[in-house]
Amino acid sequence: MSVKRAAHPELDIVVPCYNEESVLPALISCIQSLDLGVRLRVVFVDDGSTDGTHTLLTKACQEDARFACLSFSRNFGHQTAVTAGLQHAKGDIVAVIDADMQDPPELLSDFVDRWREGYDVVYGVRTQRQESWPLRMAYRLFYRALSLTADIDIPQDAGDFALMDKRVVDIINSMPEHNRFVRGLRRWAGFRQIGIPYARPRRLSGRSKYNVNRLARLAFDGLLSFSSAPLRVAAWLGSGAAVLGFCYLVYAITSFSLGGGAPEGWTSTIAVILLLGGVQLLVLGIVGEYLGRIFEEVKGRPQFVIRSKSGWLGQ
Ligand code: UDP
Ligand code: MG
């Protein structure tokens with residue numbers, strides 16, 4: 001692969017932070033001790049934190065000229081924070097890492113090497129997780145469902161931890177959608193992509209900001225924005241019900257003509273009504289999920305509101 005790469009590229013690291021005061025000092029000193037052979041800058045995105053995160057970040061920006069911080073007016077969510085960071089990063093390469101050290105910053109050195117080899121997107125693939133087993137099962141199920149339904153081949157067990165060439169970042173930034181599943185958009189952009197396996201450690205301290213509701217929402221965003229397959233469920237269920245209904249009709253007519261008399265039929269009638277009613281509600285729910293997302297898009301509100309900027313972004 002012969003691709004010309006800048007000899008002294010600039011790497012911007014995007015770090016979404018929501019109430020991360022307990023991990024930020026460790027992350028900041030880890031980033032400061034990195035030696036990646038590139039010019040390094042960091043964009044912290046303070047996603048409406050209510051603890052000391054903002055104060056810590058403002059201080060870090062005053063002490064280190066390579067740091068910048070964007071603060072949202074309220075909590076807009078992880079994917080939106082990543083989106084804002086990508087829009088403000090200007091480097092030849094841009095990396096995205098979590099604040100809680102679950103995406104080890106020292107791995108970026110391998111990522112940069114791969115970029116120099118000619119890859120445009122280098123992403124981390126989680127080989128091991130430390131979460132509880134029901135959660136691990138849920139992640140597994142989700143990624144399998146995603147690969148079954150998605151129109152593009154989204155890699156399994158790959159999160160937002162990645163390093164991207166500027167041209168990929170420009171493409172992601174040009175996508176206007178509001179329900180953003182950044183790892184899917186990154187895949188959609190194409191170019192040369194490669195996954196690097198790594199064991200995902202536990203978060204250094206503090207608690208995960210994703211509760212079951214938020215995880216489910218992210219999962220739905222992923223499934224619904226990369227596939228219209230769920231809409232096809234209606235057609236499949238409808239055909240199945242029609243075939244079953246037809247079989248039952250044949251059975252009823254046959255048994256009637258063979259002298260079985262008119263069937264009593266209450267149980268079967270109720271069963272059919274319940275089954276069809278359930279199927280119709282399910283399908284309506286699926287259509288509603290898409291409709292809700294279309295509603296979000298057509299409103300066209302800004303994806304986030306910035307309260308303040310500091311560090312090199314503030315100048
Ligand atoms: N995060 C954020 N906004 C949110 C929730 C999370 O910016 O509304 C950040 C958080 O500070 C962390 C990253 O997104 O840097 C991943 O969140 P978390 O570690 O809680 O998720 P998990 O690793 O458990 O999936
Ligand atoms: Mg985490």
Side-chain angles (χ1 to χ4, degrees), residues 3 5-6 8-18 20 23-24 26-47 57 60-61 64 66-70 78-126 155 157-173 180-187 189 191-201 203-204 311-313:
V3 180
R5 296 296 197 204
H8 302 290
E10 184 168 278
L11 166 66
D12 285 353
I13 304 181
V14 170
V15 191
C17 309
Y18 179 49
E20 298 289 9
V23 290
L24 277 176
L27 176 78
I28 288 171
S29 59
C30 177
I31 290 180
Q32 281 170 331
S33 65
L34 285 179
D35 180 15
L36 303 174
V38 295
R39 284 179 296 145
L40 191 139
R41 294 197 305 186
V42 185
V43 182
F44 292 100
V45 183
D46 168 20
D47 185 9
L57 290 177
C61 290
D64 196 324
R66 298 171 302 169
F67 290 177
C69 174
L70 271 182
H78 176 204
Q79 299 293 300
T80 310
V82 173
T83 300
L86 291 179
Q87 287 179 7
H88 284 79
K90 300 186 180 78
D92 308 295
I93 22 181
V94 181
V96 178
I97 64 172
D98 283 356
D100 57 4
M101 306 283 275
Q102 284 198 287
D103 302 334
E106 55 277 8
L107 277 182
L108 287 178
S109 152
D110 289 353
F111 284 23
V112 172
D113 288 347
R114 291 312 182 109
W115 173 80
R116 285 194 196 282
E117 281 170 23
Y119 288 102
D120 300 290
V121 176
V122 188
Y123 55 86
V125 178
R126 299 148 182 188
D157 299 312
D160 293 324
F161 181 29
L163 178 141
M164 293 171 270
D165 189 82
K166 177 93 182 108
R167 50 189 179 162
V168 175
V169 177
D170 287 344
I171 291 168
I172 295 179
N173 288 343
R180 295 179 86 84
F181 186 62
V182 177
R183 60 204 76 168
L185 302 180
R186 188 180 76 209
R187 188 61 172 185
F191 294 100
R192 289 186 172 127
Q193 307 211 355
I194 187 169
I196 306 273
Y198 77 106
R200 187 163 164 88
R203 76 163 23 242
L204 195 64
W312 56 265
L313 276 174

Look up atom [atom1] in [X] and atom [atom2] in [Y], then write down how far apart they are to the nearest 0.5 Å.
X: Arg186; Y: Ile172; atom1: CZ; atom2: CD1; value: 7.5 Å
X: Phe44; Y: Leu70; atom1: CZ; atom2: CG; value: 11.5 Å
X: Asp120; Y: Ile93; atom1: CG; atom2: CD1; value: 11.0 Å
X: Leu163; Y: Tyr123; atom1: CG; atom2: OH; value: 13.5 Å
X: Ile194; Y: Ile196; atom1: CD1; atom2: CD1; value: 5.0 Å

Problem - Set of ring-ring contact (aromatic ring centres under 6.0 Å, His included) partners for His78, sequence neighbours left out - result: Tyr210
Can you give me every donor-acceptor pair (side chain of residues 103-113, partner residue at least two apart or in another chain, under 3.5 Å) with its distance?
| from | atom 1 | to | atom 2 | distance (Å) |
| --- | --- | --- | --- | --- |
| Asp103 | OD1 | Tyr198 | OH | 3.2 |
| Asp103 | OD1 | Arg200 | NH1 | 2.5 |
| Asp103 | OD2 | Asp98 | N | 2.9 |

Does some side-chain heavy atom of [Y] sit less than 4.5 Å from a side-chain heavy atom of [X]?
X: Arg66; Y: Gln32; value: yes
X: Phe67; Y: Leu57; value: no
X: Arg5; Y: Asp92; value: no
X: Met164; Y: Phe191; value: no
X: Val125; Y: Pro155; value: no
X: Glu20; Y: Val15; value: no
X: Asp165; Y: Arg192; value: no
X: Met101; Y: Leu27; value: yes

Smallest separation among heavy atoms of [X] and [Y], with atom names:
X: Ala6; Y: Pro9; result: O-CD, 3.4 Å
X: Ala189; Y: Ile171; result: CB-CG2, 4.0 Å
X: Ile28; Y: Ala60; result: CD1-CB, 3.7 Å
X: Gln79; Y: Asp160; result: NE2-OD2, 2.8 Å
X: Val14; Y: Leu86; result: CG2-N, 4.0 Å

Handout entry: Test applied, side chain to side chain donor-acceptor pair (under 3.5 Å); reference residue, Asp12; option that passes from Lys90, Arg41, Arg39
Key = Arg41
Problem - Qualifying residues under side-chain contact (heavy atoms from CB on, under 4.5 Å), relative to Ala81, sequence neighbours excluded - result: Pro16, Val45, Asp47, Phe72
